[in-house]
2 protein chains.
Amino acid sequence: MADRRQEILDAALALADERGLEAVSMRAVAERTGVTPMALYPQVGSKAELLDGMLERLLTELVPADAALAAGADGQDWRVRLRALAHAFRKLAHGHPWAATLLFSRPSVTPDAARVVDLVYTSLLEAGVPASEVPRVERLVSTYMIGYVASEVGGRFVSGELNPRARRGLVAAVRAKALPGHAALARWLEPPVDWDAEFEADLDDLMRLIETAAAQGSQT
Amino acid sequence: MADRRQEILDAALALADERGLEAVSMRAVAERTGVTPMALYPQVGSKAELLDGMLERLLTELVPADAALAAGADGQDWRVRLRALAHAFRKLAHGHPWAATLLFSRPSVTPDAARVVDLVYTSLLEAGVPASEVPRVERLVSTYMIGYVASEVGGRFVSGELNPRARRGLVAAVRAKALPGHAALARWLEPPVDWDAEFEADLDDLMRLIETAAAQGSQT
DNA sequence: ACCTGAACACCGTTCAAGT
DNA sequence: ACCTGAACACCGTTCAAGT
C-alpha cells in the first residue's frame, strides 16, 4: 500500500505517453488513479515534483539495458558501449517524447541517472580521457545527446515540409544574396534528411572528439 | 499603427524577462498592452504563435552583432567568427532565460534565424568541411550550443548545492561500489564548476571536431 | 493518517454583440 | 475592421471538514 505513489506515477506516465505532457494535470492524473485531486498532494508534493518523479521513473527503463552492457564489458570496446547507450537513450526518448525537454531542467543526480552517467565516465576513462577532463566531456556528450532527441521530438528538426510562407522567405533571401552560405549549399539543403544516419555520423564525430581529448591528455 | 503586433510582442518579451515564461498569459499580455485579451487574437493568432513571435523577435538581437562580424570577415579567421557567435548567443540566452528551451521546438527558418545559420555555414565552408557535411555539422554545433545554455538556465547544470537527500544517495552508491566511475573521479567531481571555462573548453573541442571533419573530407 | 468538497485565483479560446 | 463582455471548459493549490 506504500505503492500509492507508484500508482500515481504510472497514471501520469500513461497520460503523458498517450496524450502528451500538457494532458498531465493534477486533476486528470487523479481521475485516472481513481481519487480526488487533493489526495495526490501528500504523495507527490506538487506538480513540479510529480514531473520529477516521472523522469526518475523513466530513467529506470534505461538502466537495465546498459547494466547488461556493463556486464559484458570485459571484452567490449568503450566505443560500442557508448554507442549502445546513445541508441538506447534515443529510442527511449522517441517512446516518451515529453521527457526530452524536461531533462534540461534537472541535474542527473537520481540513483538511476547517476548509473547512466557512471557508464559514460567509465567509457571515457577507458578511452584514455584524462580524469580531470572526464566530467566535462561527459556533459558535452550528454548535452549533445539530449539536445538531439529534444530537437527531433520537439519539432526543431523537421524533415522537408516548411510552411509555404517560410519557404518563400528563404528562397527570396537566397536570391537576394543575403544568405551566401545557403546559396553555396543549395544542392545539400534539399529536404529529406535521414535522422538515423545523421545521428550515426554525429556519433562518429563525437568518438573522434573523445579520441582527440585522450591524445591531448597523454601528450602533456 | 500596423505596429500593434510589435507592441504586443514588446509586452510579452518584457513580461517573460521580468517574471518568467509562465507569467506570459494572454490575459497578462493584454493588460500590459492596455487592451482586452480577445483583442490579441487578430494580431498574433494564438498563444503558440505569440511564443513564435517572441523568439523571432529575440533572434533579431543576435543578428546585428554578427553582421558586424561578417563585415570584418575579410581578415577574420572562421574560428574567431564562430567563437564570437557562440558567445553572443550564450549571452543573449542568459539575458532571456525563457528562450532556450523554446528553441528546441521550432525550425530555425525565420529570416533572422537563417542569417545566423548562414554565418555558421560560411564558417564551416571556410574551415574546409565538405559541402555535403556542412548542414549536418551546423546542426551538431548548434544542438550542442542550445543544449548548453538550456542546461545552464534550465537547471540541469547546478553548481554544487545538491539537496541533501540526493547527495547522501550518491555518496552511499559510491561507497557501495555501484558507481565505479564516480569513485575513480571523486577528486574531479568536487562541486564548483566554472561554466564559462567549461564552455570555452567545449568550444576548443568543437573547433577540433570541425578541423577533423575538414581533414576527413579532403582526404577522400 | 488519509481523503473529500468547496472555494480561490487563475488559464486559452469561442462567440455574439457592439462601434 | 477592430474591440468588448460574457461564457465555457479548464488549471494548481489552500483550507476546513469529515472518517
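Numbers restart at 1 for each chain; the letters A, B, ... are given by sequence-line order, proteins then strands. These numbers come from the heavy atoms of this one structure, side chains and all, not from hydrogens, waters or symmetry mates. It should be emphasised that the depicted structure is a prediction, and the values quoted were computed from it without experimental measurement.
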Quiz prompt | Nearest-angstrom distance from the residue atom CG of B/L50 to P of C/dC11 | solution = 13 Å

Practice problem: Quote, to the nearest angstrom, the P distance that separates C/dC10 from D/dA9. | Solution: 22 Å

Practice problem: Rounded to the nearest angstrom, tell me the gap between atom CD in A/E22 and atom C1' in D/dC10. | Solution: 13 Å

Self-check item: Salt-bridge contact B/D10-B/R32 (side-chain N to carboxylate O under 4.0 Å)
Solution: no

Self-check item: Phosphate OP1/OP2 of D/dC11: any A/S25 side-chain N/O under 4.0 Å
Solution: yes

Exercise. On DNA chain C, check which nucleotide each of B/A28 and A/G34 is closest to and give me the residue with the more 5' one.
Key: A/G34

Quiz item: Just wondering, do A/L124 and A/V120 contact through their side chains at under 4.5 Å, heavy atoms?
Solution: yes

Practice problem: Please test B/R115 against B/D118 for salt bridge (Lys or Arg N to Asp or Glu O under 4.0 Å), starting from the C-alpha separation and ending with a verdict. | Solution: CA-CA 5 Å; B/R115 210 127 57 199; B/D118 204 75; over 6 Å; no

Quiz item: With the threshold set at 4.0 Å, does a side-chain nitrogen-carboxylate oxygen contact exist between B/R106 and B/E56?
Solution: no

Quiz item: With the sugar-phosphate defined as primed atoms, P, OP1 and OP2, and the base as all remaining atoms, what B/S/- string results for nucleotides 13-19 of chain C, 5' to 3', for protein heavy atoms under 4.0 Å?
Solution: BBB----

Quiz item: Looking only at heavy atoms, what is the nearest atom pair of B/A131 and A/W188, with distance?
Solution: CB-NE1, 3.3 Å

Quiz item: Should A/Q43 be listed as having a side-chain N or O under 4.0 Å from OP1 or OP2 of C/dC3?
Solution: yes

Self-check item: B/A150 to B/T101 - nearest heavy-atom pair and separation
Solution: CB-CG2, 4.4 Å

Quiz item: Ion pair present between A/R136 and B/D205, side-chain N to carboxylate O less than 4.0 angstrom?
Solution: yes

Quiz prompt | A/I8 CD1 to D/dG12 C1', straight-line distance once rounded to whole Å | solution = 15 Å

Quiz prompt | Ring-face cation contact, B/Y148 with B/R90, 6.0 Å cut, 45° max | solution = no

Self-check item: Secondary-structure notation, DNA chain C, from Watson-Crick and G-U pairs under 3.5 angstrom (| other strand)
Solution: ||.|||||...|||||.||

Quiz item: How many Å lie between CG on A/L40 and C1' on D/dC11, as a whole number?
Solution: 14 Å

Quiz prompt | Length of the line joining B/E31:CD and D/dC3:P, which is rounded to integer Å | solution = 17 Å

Exercise. Kindly assign one of parallel, tilted or perpendicular to the pair B/F199 and B/H87, based on the angle between their ring planes and the thresholds 30° and 60°.
Key: perpendicular

